[in-house]
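Read the structure below first, then the notes.
Just so we're on the same page: letters track the sequence lines, and every chain starts at 1.
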Amino acid sequence: MSSSRRQYPFHLIESKWQQTWEQQQAFRAFNPNDEIPANHPFAVRHNLSGKVAATQLPPKFYILDMFPYPSGAGLHVGHPEGYTATDILARYRRAVGYNVLHPMGWDSFGLPAEQYAVKTGQHPRVTTEANIANFTRQIKSLGFSYDWSREIATTDVEYFKWTQWIFLKLYNSWFNPETNKAESVETIEFPSDCTTEDAKRAYRDAKRLAYVSEAPVNWCPELGTVLANEEVIDGKSEVGGFPVIRKPMRQWMLRITAYAEKLLADLDTIDWSDSLKEMQRNWIGRSEGAEVDFYVIPSGYIGKPEAIRTLYEQLLNNRSTLLEDSLQKVKVFTTRPDTLFGATYLVISPEHKLAPQITTNDRRIEVTRYTEFATTKSDLERTELAKEKTGVFSGGYALNPVNGEVVQIWIADYVLASYGTGAIMAVPAHDERDFEFARKFKLPIKPVVRPVYGDNFMLELPGDGPNPNYDELEERYFLHPELYYGQTLPFVMQGINGRSRNLEISLDGNSTAEAKKKITAWLEARGLGKKTINYKLRDWLFSRQRYWGEPFPIVWKKGPDGQSYHEALPESSLPLLPPTLEDYKPTAGGEPPLARAKDWLNLPDGSVRETNTMPQWAGSCWYYLRYTDAKNAQAFVGKEVDNYWMASNGKAAGVDLYVGGTEHAVLHLLYARFWHKVLFDLGYVSTPEPFYKLVNQGLILGEDGQKMSKSRGNVVNPDDVLVEYGADAFRLYEMFMGPLQDTKPWNTKGVEGVYRFLGRVWRLFVDEKSETAFEQAETTAEPSQRGELLDLILLDGGITDQHATPAQLKALHACIKKVTEDLDGMRFNTAISAMMVFINEAMTWQTKPLSVMKPFLQLLAPFAPHVAEELWARLHATFGQVATSLAYAPWPKYDAALLVESEIEIPVQVNGKFRDVIKVAVDADNATIEAAAKVAEKAQPFLAGKAIKKVIIVPKKMVNLIVG
RNA sequence: GCCGGUGUGGCGAAAUGGCAGACGCACAGGACUUAAAAUCCUGGGACUAUAAAAAGUCGUGCGGGUUCAAGUCCCGCCACCGGCACCA
């Protein structure tokens, strides 16, 4: 293909306009009170200059791309898909009259640069900067209208200074349940028994939004670091796919769970796709239910039913503090308290803190063996071996609080320590997991919920016949479960309770919803349980054992009692830089690499620095805020600036449009929302949500329909495409492939198609002879002089300043309408096809009026800005007009009156089948249409000899003749 | 298993319940050319029929339904993609 003739001299045009834009700073966005140069195209368009207050600026539009990690591999064609879409919209919004903020930057902390450093000793900053330079070159070559004056990298010292500053805010805050928001830890009130400074400190430290935990974590030996739950997929690391094991370690955690409810509820206020919201909802995993107390029966009572009966009655009726204190209780969480009468055993997780106490001596050896087996299992083993349930009887028993029944307490790893209370009541008749476990270990199954008659599918046994006696069936169902559960699954859906009564309360006959309410109220009244909400969401594991990340502004000190405790560095000490190292590996003792720098590590006062660093997500949690005020040295973002760019703009609040890949559906997007909400609570930002509208671009597959990857050898490099077809064709093709959100395969032939389209546009505007002359001159010219050769190309003589014909105006205005509406709906592919339709028609015109050709270039400009600018400039020059910057020229409006036809074609159907088309006046009445339809030529064979029974006319749409 | 999404020509796709396949790719034929490339013009869902045309029948994953009329709405399936997955 490279041997073929260029469709048009994009190689000269594109670099020319990219330089022009850069010199003009054409896409610089102005903050309130910025000094706006009078000759800047934005100032010219809006008639502004000098310092302009927020109220005098045009309305803002903040349109954001997910910033990339600058990898060594460079850009692939997936990156520019979203970037092109946002660039088109940014350019469109500028033309419509908004003050557009459209920035770009780098998520530049990350593992690959560090791994390279471990291997070669080259500082990660050097690698990172080289990669950023390459990414910048590639992105700039696509002609995106970013405001590069706001470029940031998370690895910039001036940037991560503020990342550390935000961490200090998290550290120094707690979530006050009374006010339902984050506040300074100064507002914590200490309980009366908290008297010493040590006790107060411990109390406060346990409340902070950033806290230290000793919990078991996901340790990846290969990567030498811990990972967040979200970074572990099927027991393997998301990065690299290495095995991950559970290991208790001291780690920093962020209390995102405090925001579970807000993160969930506020999804309703933002414009994200249903699937994305659903992913976040699932991840947060809210479930309503009840916590119920099961008292553990002291071993002395076992085998003495009367004594147990008495104990139960005491608990129920005159529970004393004394009794309460002397008994252990297992707190369970259930979403189905209505099935409490069907609870036939308890299960606690192997890590449950009561496990050793509940276990009886005769069972201890077996229990210990099992517990060790279960807790050392890696997550990988847990998921892979999940098929078969395992567990062991503890030897202990508990009382079912609703009926005093004695139930066994089992230990099994199908109950997770980290969810709910780490213990469950098992209702095998109505829960698949419990059912499976009960069958394996021969535990009792007691049905207490039956299906609703009518949609019932399980009450009937073979031979029950067509008209079963439901009373009989119900009795058999509840009293003889063995008849049913041998052949069916447990009944896990909602239904009607039965066999669910004690002396005080009966759920029999109640629906599941009623029964839940009733039993929960009873439990609460009796002090045996309470309504509870649980979340799957866990706190965010925030520390990594790495070098190339933000160091924590934290030091460790030793108290008088020898206990070490942490303390924050003052804000004035920020930024805290990482030390210089020769060797980036973890220490021999397994300490993070920062521990190698002894000078850095140990402070003169004897305190020791925290050696963990923050995860890569930290920097991306707030970069969108920094863009609004990238150079602010006093604050992470200025109040007035935040108010202008992030505050409510009509309906939207926050970033108006955010485009990126689905891979960040629950990680980045949840973390960023969380930080934003904390900053909002603390009064630093003006909106509760960061991103109003969010769109995920679809994946671009290789030409073979497979995911692009180096190993498959199907990666398309944008650089190669650009050399061949130019940036405008590349942009156009990325958008023409199909809907932005869809997954779609790359097809180089498709690029040629849009490239040809641009060629037709070009030839519509320029004189062919002059272009031939240009091409000949170019073959002999020095490369440095080629730019000037463009002047040899002349405008086509058919373009004149004359009145347009109605047909020409119609073609233009139909195009304006379609492109405008499609841009508003982000339907780029159909907008492009509308422009193709226009060009196909314009190719047939003898004359090309300026008044039609100019607006068309404006429509084309957001998609193919280089060629549009070039032709725009030529049009103006040729007709002696001053060329205003196309980027800021007001968007054309369509005139609906020009689109009205005098005569229209209407399809004629006979009995709903299309038969012919009739031409009628646009304002023809129904009688006229009916008459025309009845004589439509091609409809005659279907009308012959039949009576017309009914005529359906949809004005301007169709006519349907119904014959008998 | 659960949740979300998608199924339309050889391919990417388009269609407020109203002429299915716009636009583009690939393909075929033609014009220009010594020739090719590029460009321009024309054609095209399948089937039946025909010398050719006119024409007809069928057709949007499958099976039902609503409607004068269904790719579009409803019910029940199937397949593929993405996410979650012992979360009680």
Students often get this wrong, so: under 4.0 angstrom with heavy atoms, is [X] touching a base, only sugar-phosphate, or nothing?
X       : answer
N840(A) : sugar-phosphate
Q909(A) : base
S275(A) : sugar-phosphate
P739(A) : sugar-phosphate
V954(A) : base
F942(A) : sugar-phosphate
N829(A) : sugar-phosphate
Q741(A) : nothing
I962(A) : sugar-phosphate
M843(A) : sugar-phosphate
S287(A) : sugar-phosphate
N960(A) : base
G285(A) : nothing

Can you find a side-chain donor-acceptor pair between [X] and [Y] that sits under 3.5 Å?
X       : Y       : value
T257(A) : D539(A) : yes
T830(A) : D822(A) : yes
Y733(A) : N747(A) : no
T748(A) : E703(A) : yes

Is the distance from OP1 or OP2 of [N] to the nearest side-chain N or O of [X] less than 4.0 Å?
X       : N      : result
R281(A) : C84(B) : no
R756(A) : C25(B) : yes
Q280(A) : C84(B) : no

Can the positive tip of R673(A) be found less than 6.0 Å from the middle of the six-membered ring of W272(A), inside 45° of the ring normal?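 Relative to the ring axis of W272(A), which defines the angle, R673(A) lies inside both limits.
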Nearest-Å distance for atom pair CD/P, residues E937(A) and G56(B):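 In whole Å, G56(B) P lies 11 Å from E937(A) CD.
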Using the P atoms only, state how far C11(B) lies from U16(B), rounded to an integer number of Å.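 That atom pair is separated by 23 Å.
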Between U16(B) and K957(A), counting only base atoms on the nucleotide and side-chain atoms on the residue, is there a donor-acceptor pair under 3.5 Å?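 Side chain to base: pair found, below 3.5 Å.
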Which base, if any, makes a Watson-Crick or G-U wobble pair with G1(B), both distances under 3.5 Å?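 Base partner found: C84(B).
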